[in-house]
Amino acid sequence: MESGFSVCYSDHEDAKQAFHQICEQVGEAAPKLLVFFSDTAHFAYYTEELHKKYPDAEMIGSTAYDMLSSKGHSGAALSVLAVSEGIECTGGIIMDAPRYPGKHTGVIRECVKRLTSTENCCCFEITTAYGYCEEIVQDTFRGVLEEMNIPVFGGTAGNAGETARSYVSYNGRVYAEACAFMFIRNECGRIRLFSENLFRPTEQFFSVTDVNCEERTVYEFDGKPAARVIAKALGVSTKELPQLLPSHPLGRLVNGNIYVTGHNEVLPSGALTYYSRIYNHTMMVLLTPGDPFTAQLDTFKRIHDEVKQFRFVLVINCFLRSCMLEQQGVYNEYIEKLQGGLGQYIGFSGNGEQMNFEHLNQTMLVAVFE
């Protein structure tokens with residue numbers, strides 16, 4: 001285990017062999033922290049075996065669309081970050097996340113109390129998908145952590161599309177409809193958070209005038225049917241709209257920031273559904289794809305200008321970005337270039353991203369540990 005951590009990866013088709021290969025890569029060190037991602041089919045097995053092998057480690061994991069690491073990536077793999085020194089960590093579970101996450105603020109507060117300091121600390125969290133709950137989970141974290149200046153960074157668990165189920169785990173147990181979180185304090189330096197947006201704003205702006213926030217459904221922009229408005233902006237019919245929506249998300253304009261909001265479905269009524277909540281009277285801008293490698297080089301420059309020495313890196317990517325880059329035929333090249341820019345990293349492609357108490361889509365987040 002070099003520098004007190006190991007990035008471990010196996011895409012062996014046999015789960016037992018994959019687990020054995022991971023253990024070999026961890027070596028003889030005793031990890032304090034294990035972060036792992038796997039496919040849905042083998043997630044329960046990996047959760048149980050990792051906990052049995054490393055019972056003293058704090059463990060957090062999730063299912064994903066694609067497992068990412070500086071050693072490779074695959075939709076059927078196990079990627080693990082094992083850290084044995086230089087950090088302090090403690091975590092927990094927010095149960096019943098789609099309905100009452102606010103009841104569990106005490107769990108978050110108790111975890112903070114177990115830390116010797118909150119300096120150079122972040123809260124890494126993973127929330128299960130399909131419950132439309134990311135925003136209320138982030139509000140729960142905000143209510144506790146904003147006043148403490150502890151940033152939140154994480155994502156929504158994913159899968160390969162075979163079922164509308166996703167899972168997270170904490171310390172050897174698998175959970176549905178929950179949020180697993182881990183406070184990680186870097187004893188070796190700072191933790192810096194970055195985001196990457198592959199899209200550029202157009203000149204097409206809209207105001208939301210009729211919306212169901214909880215259902216993530218927009219009925220009207222500027223007093224007109226939502227699908228008709230977006231179709232007109234793109235110069236197509238509403239029947240052609242579904243083909244263009246994945247590559248033309250909307251951007252929520254909040255305090256000078258653009259938060260990417262992915263389109264989901266065109267409803268027969270002419271309404272549009274989204275992967276994030278949109279609130280009434282929010283200003284939106286139509287986005288268009290930029291060059292992914294130009295955006296990637298800009299991300300690397302921003303990171304290296306601010307962080308001179310890396311230990312390890314956590315990456316949260318959106319499966320919609322992965323799908324778009326796959327359709328463009330550049331996904332493998334894009335992922336391979338991450339190693340050159342980020343060094344030793346693990347991560348996953350999932351169903352959403354969260355940073356600074358905001359839920360995002362079609363964005364890549366990067367947490368750099370000095």
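The structure displayed is predicted, hence computed values, not measured ones.
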Report task. Just say parallel, tilted or perpendicular for the rings of Tyr275 and Phe319, cut-offs at 30° and 60°. Result -> perpendicular
Requested in this report: Just say parallel, tilted or perpendicular for the rings of Phe181 and Phe183, cut-offs at 30° and 60°.
Outcome: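 Phe181 and Phe183: perpendicular rings.
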Linking I/L/V/M/F/W/Y whenever any side-chain heavy atoms sit under 4.5 Å apart, do [X] and [Y] land together?
X      : Y      : value
Ile191 : Leu314 : yes
Val208 : Leu272 : yes
Ile94  : Leu145 : yes
Tyr279 : Val260 : no

Query raised in the report: Of the non-hydrogen atoms in Pro31 and Val26, which two are nearest, and what is the gap between them?
Result: CG-CG1, 3.9 Å
**Report entry** Where Val307 and Arg190 come nearest, the two heavy atoms and their spacing
**Finding:**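 In this case the closest contact between Val307 and Arg190 is CA-NH2, 4.3 Å.
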Requested in this report: Provide the full list of ring-ring contact (aromatic ring centres under 6.0 Å, His included) pairs with a residue in residues 213-248, sequence neighbours left out, each pair given once.
Outcome: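 The answer is Phe206-Phe221.
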Query raised in the report: How would you list all residue pairs meeting ring-ring contact (aromatic ring centres under 6.0 Å, His included) that involve residues 335-358, not counting sequence neighbours?
Result: Phe37-Phe348
Going by heavy atoms in the side chains, are [X] and [Y] under 4.5 Å from each other?
X      : Y      : answer
Cys323 : Tyr65  : yes
Arg321 : Tyr331 : no
Phe199 : Ile258 : no
Met324 : Pro246 : no
Tyr167 : Tyr175 : no

Requested in this report: Provide the full list of side chain to side chain donor-acceptor pair (under 3.5 Å) pairs with a residue in residues 281-291, sequence neighbours left out, each pair given once.
Outcome: Asp291-Thr294
Requested in this report: Apply salt bridge (charged side-chain N to carboxylate O under 4.0 Å, His left out) to Lys113 and list each qualifying residue two or more places apart in sequence or on a separate chain.
Outcome: Glu110
Report task. Apply salt bridge (charged side-chain N to carboxylate O under 4.0 Å, His left out) to Glu49 and list each qualifying residue two or more places apart in sequence or on a separate chain. Result -> Lys52
Query - Pairing residues for Phe19 by the ring pair (Phe, Tyr, Trp, His ring centres under 6.0 Å) criterion, not counting sequence neighbours - result: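 For Phe19, no residue satisfies ring pair (Phe, Tyr, Trp, His ring centres under 6.0 Å) once neighbours in sequence are set aside.
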**Report entry** Between NE2 on residue His20 and NZ on residue Lys16, distance to nearest 0.5 Å
**Finding:** 13.0 Å
Check [Y] with [X], please: is the shortest side-chain N to carboxylate O separation under 4.0 Å?
X      : Y      : answer
Arg99  : Asp96  : yes
Arg216 : Glu214 : no
Lys224 : Glu220 : no
Glu85  : Arg311 : no

Query raised in the report: Can you check ring pair (Phe, Tyr, Trp, His ring centres under 6.0 Å) on Phe310 and His304, steps first, answer last?
Result: CA-CA 9 Å; Phe310 294 19; His304 285 271; 5.0 Å; yes
Query raised in the report: Hey, is CD on Glu203 packed in by over 12 heavy atoms from elsewhere, all under 6.0 Å?
Result: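 Atom CD in Glu203 is not crowded, with 12 or fewer foreign heavy atoms closer than 6.0 Å.
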Report task. Evaluate the criterion side chain to side chain donor-acceptor pair (under 3.5 Å) for residue pair Thr63 and Asp39; output intermediate values, then yes/no. Result -> CA-CA 5 Å; Thr63 58; Asp39 56 284; over 6 Å; no
